[in-house]
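I have placed the structure first, in the form of structure tokens, so that the comments after it can refer back to it.
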Amino acid sequence: MTNTDRPNPVLRLCMIGHSGAGKSSAAAFVRSAVARRSMSCEVVKVAAPLYDLQQAFYARLGQQLPDGQQDQQLLEALAHWIRKREGQFLVEDFLARAAATHADVLVNDDVRSYDVDYPQLRCRGWTAVRITAPDELRGKRLAAKGYVSLSDASTAGVDAVEVDYEICNDGTLIDLESAVATLVERVLAC
């Protein structure tokens, strides 16, 4: 059976944690670990519509936001108002995009709504992984990214959310890669 014949992904991982904890790095390492097993992997973002709106916002101002840059305060405001107008839009859009992929493994690394989006992922079988890191280290990582604005308001409550696995990312990238590879092996063995 090829991955295009498979009705569902083998694995769906949802990485949660505070900004700067290493969720996106962990997602990239999942891709690498999965590729070593000759499987396909796709990262699907809940906030994809927000990133599109952020780009349009800056383009309208005549400013270019470099690839990968975030204006976290703007993204949080956009999410707030979208949820006020159409509470399920972001998660429904995400689930539709996730369902359209043919990858063996799906990863999400940007879920922020722990009362709406996160429960929807969990009830659909997504395995939750909390990535943690000390506040000081997270601050250094975020400063190095040079984001336009920073905010951790959207991750309030992340420490109280029930997860299946937890990775403490307080070492090097090599340490994180090793922890993620171990996690992938453990989860795919089930």
Side-chain angles (χ1 to χ4, degrees), residues 1-4 6-48 51 68 70 90-91 94-95 97-142 144-145 152 154-190:
M1 177 184 288
T2 67
N3 67 342
T4 56
R6 187 176 292 115
N8 295 309
V10 173
L11 177 63
R12 292 174 295 235
L13 288 174
C14 175
M15 306 290 185
I16 66 168
H18 289 284
S19 295
K23 299 177 301 293
S24 295
S25 296
F29 291 139
V30 167
R31 274 189 130 145
S32 298
V34 166
R36 286 191 294 274
R37 296 177 70 108
S38 299
M39 297 171 74
S40 61
C41 180
E42 186 171 334
V43 177
V44 183
K45 306 275 191 180
V46 169
Y51 300 137
Q70 291 183 9
L90 291 172
V91 72
F94 166 80
L95 291 170
R97 287 181 287 110
T101 185
H102 296 288
D104 297 310
V105 175
L106 298 180
V107 181
N108 171 267
D109 63 356
D110 71 347
V111 71
R112 293 284 200 278
S113 168
Y114 303 113
D115 58 341
V116 177
D117 302 349
Y118 183 74
Q120 291 292 327
L121 273 66
R122 296 293 281 162
C123 77
R124 285 171 173 78
W126 287 72
T127 299
V129 181
R130 183 180 2 256
I131 309 294
T132 63
D135 290 345
E136 183 178 331
L137 183 55
R138 290 188 314 101
K140 288 179 184 177
R141 290 174 181 159
L142 290 169
K145 287 185 177 186
D152 212 16
S154 64
T155 59
V158 69
D159 296 325
V161 173
E162 186 177 321
V163 296
D164 300 299
Y165 301 95
E166 189 159 333
I167 294 174
C168 181
N169 181 21
D170 60 357
T172 66
L173 282 173
I174 293 170
D175 295 333
L176 178 60
E177 183 175 26
S178 175
V180 168
T182 299
L183 170 76
V184 168
E185 291 301 318
R186 179 179 298 147
V187 174
L188 287 176
C190 294

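The figures that follow rest on heavy atoms only: side chains count, while hydrogens, waters and symmetry mates do not.
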Evaluate salt bridge (Lys or Arg N to Asp or Glu O under 4.0 Å) for E42 paired with R31, printing each intermediate quantity in order.
CA-CA 7 Å; E42 186 171 334; R31 274 189 130 145; over 6 Å; no

Main chain of V44, side chain of R97: is a donor-acceptor contact present, judged purely on distance under 3.5 Å?
no

Side chain of R141, backbone of G20: donor and acceptor closer than 3.5 Å?
yes

Does R36 have more than 12 heavy atoms from other residues, nucleotides or ligands lying within 6.0 Å of its CZ?
yes

Could you walk me through whether K23 and D110 pass the side-chain contact (heavy atoms from CB on, under 4.5 Å) test, one step at a time?
CA-CA 8 Å; K23 299 177 301 293; D110 71 347; over 6 Å; no

Evaluate the side-chain proximity of S113 to D115: yes if any heavy-atom separation is below 4.5 Å, no if none is.
yes

So do T132 and N169 actually touch side chain to side chain, heavy atoms under 4.5 Å?
no

Can you check whether M15 reaches I167 side chain to side chain, under 4.5 Å on heavy atoms?
no

Quick one: are C41 and V107 in side-chain contact, heavy atoms under 4.5 Å?
yes

Side-chain heavy atoms of D109 within contact of K45, under 4.5 Å
yes

Does the side chain of L173 reach to within under 4.5 Å of the side chain of F29, using non-hydrogen atoms?
yes

Does a donor on one side chain sit under 3.5 Å from an acceptor on the other, for D104 and S40?
yes

In this structure, CG of D170 is separated from CD of E136 (nearest 0.5 Å) by 12.5 Å

Determine, step by step, whether V46 and V91 satisfy the side-chain contact (heavy atoms from CB on, under 4.5 Å) criterion, reporting the C-alpha distance in whole Å, the side-chain angles of both residues, the deciding distance to 0.1 Å, and the verdict.
CA-CA 6 Å; V46 169; V91 72; 5.8 Å; no

Looking only at side chains, do T172 and D175 share a donor and an acceptor under 3.5 Å apart?
yes

I'd like to know whether H18 forms a side chain to side chain donor-acceptor pair (under 3.5 Å) with D135, so could you lay out the CA-CA distance, the side-chain angles of the two residues, the decisive distance to 0.1 Å, and finally the verdict.
CA-CA 9 Å; H18 289 284; D135 290 345; 6.0 Å; no

May I ask you to decide if S178's main-chain N or O and T182's side chain share a donor-acceptor pair within less than 3.5 Å?
yes

Heavy-atom side-chain proximity of V111 to F94 below 4.5 angstrom
no

Do the side chains of Y118 and C14 get nearer than 4.5 Å, heavy atoms only?
yes

Do NZ/NE/NH1/NH2 and the carboxylate oxygens of R112 and D117 come within less than 4.0 Å?
no

V163 and side chain to side chain contact (heavy atoms under 4.5 Å, CB included): which partner among I16, V129, I131?
I16

Partner of R12 by side chain to side chain contact (heavy atoms under 4.5 Å, CB included), out of T127, N108, L106
L106

